Structure formats: structure tokens, C-alpha cells
Student: 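My questions will all concern the structure given below.
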Amino acid sequence: MPEADEVDDEEEMPLSLRLSIADTLTLGNATCGFMAVYFTTTGILIPHLMGSDESGMARHSAATAVILMLCAAIFDLFDGLVARKLRSSPMGAELDNLSDLISFGLAPAYFVLVYGMVADDAYQRVAAVGAIVVLLAVVLRLARFSCVTVKDGTFQGMPSPFGALTVVSIVLLELPFVATLLAILGTAWLMVSRVEYPKPRGRLAVAMLSWIVLSMGLLAGWAFDAPSGQLLLQTGCALQLVMGAVIPLFATARRVNNFRDNRREARAAQLP
């Protein structure tokens, strides 16, 4: 019996290779990102290259691709929560970064690239530069996240899931090409900036999940040509852009207020 136990211990999978529940959710994130690229290719790019005039198919595929990115954001939200409540494997952080690179780096950058190829007023090569900037911004952000320690409860720079959803919202707004490109570059800058964004915990996590589910509904209504579906989608995309710009303002205002309070306390301590 002792010899059998020793054999079982030797054959047991090393701890570093075991997948936890959080890791499984992370792999779901990567799968959604890959499928978003698939639907963008098969439903938008290939029909355009073949000269198809079926706009409904392109609309359905675009909505499906963005919904998959939203699903990836849900997986990314829950894998962190599950990892904190239960446990994560030693390779959990690496899996998370690699999955985020697929879903929130490659997928939105490819979405921008295809937009530059199919939009009437777009310039393909310029759009390709914008797509590369988005991809590199996510790469740099994820690398910095692994190396830099920031204070608890905040992110340094726009989180990559939020940045990816902002980028695709800009494309779906169907603004003039120059305005679209400038907004995309601005979002990429926010992702690598030092602007603080709060981490989605507690009520903020619930609010973010509710916003993602609402966005899925708006996309579904737009895809199936529901009444006022286009207007509702554009309203949701505009709100996404407003939140991306306003949220760091609240964080900055809070930091300024904390700085003022500390100065007042220091002055009060110096008084006799």
C-alpha cells in the first residue's frame, strides 16, 4: 500500500498544470475573443471581398462579434471574482493576460482593420495604422500591469476590456472617418496613460454587468432591425464613450480632494 501511494503521488499532475475554476472562465474569455475574429471575418470581410450586397448579414455578424467581446468581458469580470473567493492556479495571471490580449487586443484591433476595408469613407492603410495602435496599446498595458504595482482599488489607465468596448462603440457610431480615427487613437492613449480607473468591485461590478447585459440587448435589437434599433444602438455607443471620458474625471477629482484634505490636516497639526 505505501508503494502504491508513492506511485499515485508521482503520477499526479503538478500543481502548476492544474486548471482552477477561475482558469476555466479565463479560457472562455479567450474563446469568445477568437470567435469574435471569426465572425468579423466570415460575416463582414469575406462577403465584402466577394462583392456581396447583403447588409443584413454584415449587421448580424458585427453584432455577434461585439456580443462575443461583451461575453469575454463577463468572463474576465467573473474569473477575478472567483479567483479571489476560491483559488487560482499558479499560471492564472499568465492565462488572464494572454486571454485579454486575444479578446481585448486582437479582436477590437481586427474589427477596426475590417472597418477600414469595408466602410465607404474609410482609408484602409490609415485604418490599419489605427488598428496597430490599438493592439500595441493593449500589449503595453498588459505588460505594465504585470510589472507595476498600483494602489489597491484602481487601475492605471483604461482597463483593456473597457477600452475594447469603447473602440468598437466608436466604430459602430458610424462617425466620419477622421473623427472615428481620432477617437480610437484617444482611447488607445487612455489605455496606456496614468489616468486612474476604479476596479469593478461590489456595486461597481454589478453596475458593469448590468451595462454589459443592456449592451447585448441593444446589439440584438439593432441586428434584428427592431424599431428604433439603430437609434438605441447609437445612444448606447455614445454613453460608452461618455463613461470612458467621465469616469477618470471622478477619480481625478477624488485624488485632488484627498490631496487637499491631507494638506489641511498637515497645517492643522502644525498649529500650536
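On a predicted model such as this, the values are computed, not experimentally measured, just so you know. Numbering starts at 1 and runs along the sequence shown.
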Student: Any side-chain to backbone donor/acceptor pair from Ser103 onto Asn29? Under 3.5 Å, distance only.
Tutor: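 Here the side-chain-to-backbone pair exists.
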
Student: In terms of heavy-atom contacts, does CZ of Phe177 have more than 12 from other residues, nucleotides or ligands at under 6.0 Å?
Tutor: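 Yes, enclosed.
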
Student: Roughly how far apart are Leu70 CG and Asp76 CG, rounded to 0.5 Å?
Tutor: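 The CG atom of Asp76 is 12.5 Å from CG of Leu70, to the nearest 0.5 Å.
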
Student: Can a donor-acceptor pair be found, under 3.5 Å and without considering hydrogens, that links the side chain of Arg141 to the backbone of Met158?
Tutor: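 Present.
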
Student: Can you see which heavy atom on Ala107 is nearest to which on Ala36, and at what distance?
Tutor: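 Heavy atoms of Ala107 and Ala36 come nearest at CB-CB, 4.2 Å.
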
Student: Would you please classify the geometry between the Tyr197 ring and the Phe162 ring as parallel, tilted or perpendicular, with 30° and 60° separating the classes?
Tutor: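 Rings of Phe162 and Tyr197: tilted, 30 to 60°.
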
Student: Quick check against the 3.5 Å criterion: does Arg194 have a side-chain atom that pairs as donor or acceptor with the backbone of Gly157?
Tutor: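 Side chain of Arg194 to backbone of Gly157: no pair is present.
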
Student: Supply the atom-to-atom distance Leu98 CG to Leu142 CG, rounded to the nearest 0.5 angstrom.
Tutor: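 Here the rounded value is 9.0 Å.
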
Student: What I'd like to find out is whether the side chain of Lys199 reaches to under 4.5 Å of the side chain of Phe155, using heavy atoms alone.
Tutor: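 Side-chain contact under 4.5 Å: yes.
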
Student: Please check if any side-chain donor atom of Gln240 sits under 3.5 Å from a side-chain acceptor atom of Trp211, or the reverse.
Tutor: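 Looking only at side-chain atoms, Trp211 and Gln240 do form a donor-acceptor pair, the distance falling under 3.5 Å.
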
Student: Atom CE in Met69, atom CG in Leu219: separation rounded to 0.5 Å?
Tutor: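 It comes to 10.0 Å.
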
Student: Can you check side-chain contact (heavy atoms from CB on, under 4.5 Å) on Leu172 and Trp222, steps first, answer last?
Tutor: CA-CA 11 Å; Leu172 292 176; Trp222 172 67; 4.2 Å; yes

Student: Answer yes or no: is there a donor N or O on one side and an acceptor on the other, between the side chain of Ser99 and the main chain of Thr26, under 3.5 Å?
Tutor: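 Yes, because the side chain of Ser99 sits within donor-acceptor range (under 3.5 Å) of the backbone of Thr26.
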
Student: Rounded to the nearest 0.5 Å, what separation is found between the CD atom of Glu174 and the CD atom of Gln230?
Tutor: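 Rounded to the nearest 0.5 Å, the CD-CD separation comes out at 5.5 Å.
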
Student: If you take the centroid of each ring, where Trp contributes its six-membered ring, are His60 and Phe39 closer together than 6.0 Å?
Tutor: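 Between Phe39 and His60, the centre distance exceeds or equals 6.0 Å.
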
Student: Compare all side-chain heavy atoms of Cys71 with those of Ile67 and state whether any distance is below 4.5 angstrom.
Tutor: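 Contact flag for Cys71/Ile67 side chains = yes.
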
Student: Report yes if the side chains of Val134 and Phe111 come closer than 4.5 Å at any heavy-atom pair, otherwise no.
Tutor: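 Side-chain contact under 4.5 Å: no.
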
Student: Are Leu106 and Val114 joined in one hydrophobic group, where the rule is that I, L, V, M, F, W and Y side chains link up if heavy atoms are under 4.5 Å apart?
Tutor: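 Yes; Val114 is reachable from Leu106 via cluster members.
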
Student: Within this structure, what is the CG-CG distance for the pair Leu25 and Asp96, rounded to the nearest 0.5 Å?
Tutor: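 Output value for this atom pair is 10.5 Å.
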
Student: Do Ile132 and Met117 belong to the same hydrophobic cluster, where Ile, Leu, Val, Met, Phe, Trp and Tyr are linked whenever their side-chain heavy atoms lie under 4.5 Å apart, directly or via other members?
Tutor: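 Ile132 does not cluster with Met117.
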
Student: Report yes or no: does Thr180 contribute a side-chain atom to a donor-acceptor pair with the main-chain N or O of Leu175 at less than 3.5 Å?
Tutor: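 Side chain of Thr180 to backbone of Leu175: a pair is present.
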
Student: Linking I/L/V/M/F/W/Y whenever any side-chain heavy atoms sit under 4.5 Å apart, do Val168 and Leu185 land together?
Tutor: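 Yes, it is one cluster - the side chains of Val168 and Leu185 are joined through contacts under 4.5 Å.
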
Student: State plainly whether one hydrophobic cluster holds both Leu77 and Val82, where clusters connect Ile, Leu, Val, Met, Phe, Trp and Tyr through side-chain heavy atoms under 4.5 angstrom apart.
Tutor: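 Yes, Leu77 connects to Val82 through the hydrophobic network.
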
Student: Does a side-chain heavy-atom distance below 4.5 Å link Ser169 with Leu241?
Tutor: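 Ser169 reaches Leu241 side chain to side chain.
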
Student: Between CG of Asn97 and CD1 of Ile102, what distance do you get to the nearest 0.5 Å?
Tutor: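 If we round to the nearest 0.5 Å, Asn97:CG and Ile102:CD1 are 11.5 Å apart.
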
Student: Begin from the C-alpha positions of Arg144 and Gln156 and carry the test side-chain contact (heavy atoms from CB on, under 4.5 Å) through to its verdict.
Tutor: CA-CA 9 Å; Arg144 186 179 66 182; Gln156 190 178 80; 3.5 Å; yes

Student: Of all heavy-atom pairs between Leu190 and Gly244, which one has the smallest distance, and what is that distance?
Tutor: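 Result for this residue pair: CD1-O, 4.2 Å.
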
Student: What I'd like to find out is whether the side chain of Ile74 reaches to under 4.5 Å of the side chain of Met216, using heavy atoms alone.
Tutor: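 Touching, per the 4.5 Å side-chain cut-off.
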
Student: I want to check something: taking the side chain as every heavy atom from C-beta on, are Tyr110 and Thr41 in contact at a cut-off of under 4.5 Å?
Tutor: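 Side-chain contact under 4.5 Å: yes.
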
Student: Measuring only between side-chain heavy atoms, which start at C-beta, is Ser61 closer than 4.5 Å to Thr42?
Tutor: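 No, their side chains stay 4.5 Å or more apart.
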
Student: Do Phe104 and Leu165 have side chains that get closer than 4.5 Å, going by heavy atoms?
Tutor: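 The answer is no; the side chains never approach within 4.5 Å.
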
Student: Is Tyr38 reachable from Leu27 through a run of hydrophobic residues whose side-chain heavy atoms are each under 4.5 Å from the next?
Tutor: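 The answer is no; the residues belong to distinct hydrophobic clusters.
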
